[in-house]
Structures are given as C-alpha cells and as structure tokens.
Amino acid sequence: MAISNLQETLLMYTKYKSMINYSLADIQMNILEATKQTTDQQAIYNEAQQQYYDYYEQEGMEEYHDEYVALMAELENEYEFRLDNIKSWEEQLMTDKLSYEARLAEIQANENSVRSLLKTNLKSDFTYGGSGQSS
C-alpha cells in the first residue's frame with residue numbers, strides 16, 4: 001500500500017477516535033446526570049414521606065391510619081417506578097459505553113497495525129547508506 005494511502009488511513013482513524021471519544025464523554029455526562037436524578041428522587045421521596053408521617057402522626061389522626069398506609073404505598077410505587085426508569089436509562093448508557101470502548105480498542109489495534117506497515121514501507125522505500133542500489 002502506498003505511503004500516502006497509509007497516512008490517509010491513519011488520519012481517518014484519528015477522526016474516528018475523536019468521534020468516539022466525544023460520544024464517550026457525552027455518555028459519561030449522561031451517567032453523571034442519571035446518578036444525580038437518582039439522588040434527587042431519593043430526596044423527593046424522603047421529603048414526601050416525612051410530610052405524610054408528620055401530618056398523620058398528629059393528635060387525633062389515628063382513624064386515618066389506613067389512608068396513611070395507602071398514601072405511603074402509592075408514594076413508594078411512584079418512587080420505585082421513577083428509579084426503574086432511571087436505572088434502565090443508566091443500563092442503556094453503560095451498554096453504549098462498552099460498545100464505544102470496544103470500537104475504540106478495535107480502531108486502536110487497526111491504527112497500530114497501519115503504523116507498523118507504514119514504518120516498514122518507509123524503511124523499504126528509503127535505503128540507508130546506498131545499500132540495495134545496483135552499480
């Protein structure tokens with residue numbers, strides 16, 4: 001393969017690596033956002049749980065115990081649903097991340113192979129000290 005073609009191939013690999021690294025950075029930011037959302041949902045759940053508890057633990061509210069239990073079950077179901085959505089998104093992000101990392105490793109291996117081939121071609125095209133020339 002001609003040296004210029006090998007150099008062009010290396011540039012193409014550099015471009016692909018850059019695109020993949022950009023995607024990986026985006027995925028990392030989304031994973032961070034998912035973690036933040038999980039924390040936010042936990043805080044919302046804890047606050048709502050405390051408000052319900054404070055309200056129904058007041059004097060004279062014993063007769064509404066069943067209502068309190070139902071509200072707490074509904075609150076927990078909603079919380080679990082939101083967490084499941086976030087977890088599903090996070091799992092998809094991790095799958096995408098692994099896929100991009102595998103592509104990046106493949107490109108890196110191909111790039112190393114082309115670099116080796118380029119080095120070999122450069123050595124064979126330019127002989128040192130006049131060796132290989134006929135007189």
Side-chain angles (χ1 to χ4, degrees):
M1 188 179 282
I3 292 173
S4 62
N5 286 347
L6 292 172
Q7 290 173 332
E8 187 175 321
T9 302
L10 285 175
L11 288 174
M12 180 188 65
Y13 285 145
T14 301
K15 177 184 173 186
Y16 287 154
K17 286 188 336 184
S18 175
M19 289 172 17
I20 289 173
N21 282 327
Y22 177 80
S23 296
L24 282 170
D26 190 43
I27 288 171
Q28 280 301 122
M29 291 304 292
N30 284 333
I31 289 171
L32 182 63
E33 177 63 25
T35 302
K36 180 186 176 299
Q37 285 184 17
T38 300
T39 304
D40 291 348
Q41 289 302 316
Q42 181 67 50
I44 290 168
Y45 173 73
N46 289 345
E47 183 179 331
Q49 193 177 37
Q50 187 63 45
Q51 287 176 354
Y52 285 144
Y53 179 80
D54 290 346
Y55 179 76
Y56 285 101
E57 287 299 312
Q58 295 175 20
E59 184 84 28
M61 297 297 283
E62 294 82 21
E63 64 187 77
Y64 297 106
H65 179 71
D66 292 340
E67 182 180 321
Y68 170 73
V69 170
L71 281 172
M72 292 307 294
E74 183 180 331
L75 180 67
E76 186 171 344
N77 287 340
E78 183 179 327
Y79 170 70
E80 291 295 328
F81 176 75
R82 288 181 181 173
L83 279 185
D84 286 345
N85 285 339
I86 294 169
K87 188 173 190 148
S88 174
W89 178 42
E90 206 168 15
E91 287 171 357
Q92 180 61 47
L93 288 170
M94 292 304 288
T95 301
D96 291 347
K97 180 183 174 192
L98 291 173
S99 174
Y100 280 120
E101 286 173 344
R103 282 192 225 168
L104 191 60
E106 182 181 347
I107 289 172
Q108 187 67 43
N110 290 340
E111 184 180 36
N112 289 340
S113 175
V114 170
R115 283 187 193 281
S116 176
L117 189 57
L118 180 62
K119 192 178 206 180
T120 302
N121 281 357
L122 284 171
K123 282 182 182 177
S124 67
D125 283 357
F126 300 101
T127 57
Y128 299 101
S131 63
Q133 293 180 357
S134 59
S135 24

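Values reported hereafter were calculated over all heavy atoms of this structure, with side chains retained and with hydrogens, waters and symmetry mates removed.
- Within the model, atoms CG of Leu118 and OG of Ser113 stand 11.0 Å from one another, a figure rounded to the nearest 0.5 Å.
- Checking Glu33 against Gln37 by side-chain atom types alone, a donor-acceptor pair falls below 3.5 Å.
- Within 6.0 Å of CD in Gln58 there are more than 12 heavy atoms belonging to other residues, nucleotides or ligands.
- Between atom CG of residue Leu32 and atom CD1 of residue Ile27 there is a gap of 14.0 Å, rounded to the nearest 0.5 Å.
- With rounding to the nearest 0.5 Å, the separation of CG in Asn110 from NZ in Lys17 is 11.0 Å.
- Between Met19 and Tyr22 there is no side-chain heavy-atom pair separated by less than 4.5 Å.
- Counting heavy atoms from C-beta outward, Glu111 and Thr9 have side chains that stay 4.5 Å or more apart.
- Using modelled atom types and a 3.5 Å distance limit, the side chains of Tyr56 and Glu67 yield a donor-acceptor pair.
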task: Could you walk me through whether Phe81 and Glu78 pass the side-chain contact (heavy atoms from CB on, under 4.5 Å) test, one step at a time?
output: CA-CA 5 Å; Phe81 176 75; Glu78 183 179 327; 5.6 Å; no
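- Proximity of Tyr68 to Tyr53: side-chain heavy atoms (C-beta onward) are separated by under 4.5 Å at one or more points.
- Under the 3.5 Å distance criterion, with hydrogens and angles disregarded, no donor-acceptor pair is assigned to the side chains of Gln50 and Asn46.
- Considering CG of Asp26 and NZ of Lys97, their distance stands at 13.0 Å, rounded to 0.5 Å.
- The 12-atom threshold is not exceeded at CE of Met94, counting heavy atoms of other residues, nucleotides or ligands nearer than 6.0 Å.
- Within a 6.0 Å radius of OH in Tyr45, other residues, nucleotides and ligands contribute more than 12 heavy atoms.
- Between atom OG1 of residue Thr14 and atom CD1 of residue Ile107 there is a gap of 10.0 Å, rounded to the nearest 0.5 Å.
- Once rounded to the nearest 0.5 Å, the distance linking OG1 of Thr38 with CH2 of Trp89 reads 9.0 Å.
- Glu90 places a side-chain heavy atom less than 4.5 Å from the side chain of Thr35.
- Cluster membership check: Tyr13 shares its hydrophobic cluster with Leu24, using side-chain heavy-atom separations under 4.5 Å among Ile, Leu, Val, Met, Phe, Trp and Tyr.
- In this structure, a donor-acceptor pair under 3.5 Å is present between the side chains of Tyr79 and Gln42.
- In terms of hydrophobic clustering, with Ile, Leu, Val, Met, Phe, Trp and Tyr side chains grouped at heavy-atom distances under 4.5 Å, Ile31 and Ile86 are assigned to different clusters.
- In the hydrophobic cluster analysis, where Ile, Leu, Val, Met, Phe, Trp and Tyr join through side-chain heavy atoms closer than 4.5 angstrom, Met29 is grouped apart from Ile20.
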Evaluation steps, side-chain contact (heavy atoms from CB on, under 4.5 Å), between Lys15 and Leu11: CA-CA 6 Å; Lys15 177 184 173 186; Leu11 288 174; over 6 Å; no
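- Looking at heavy atoms from C-beta onward, Gln49 lies out of side-chain contact with Glu76 at the 4.5 angstrom threshold.
- Looking at heavy atoms from C-beta onward, Ile44 lies in side-chain contact with Gln41 at the 4.5 angstrom threshold.
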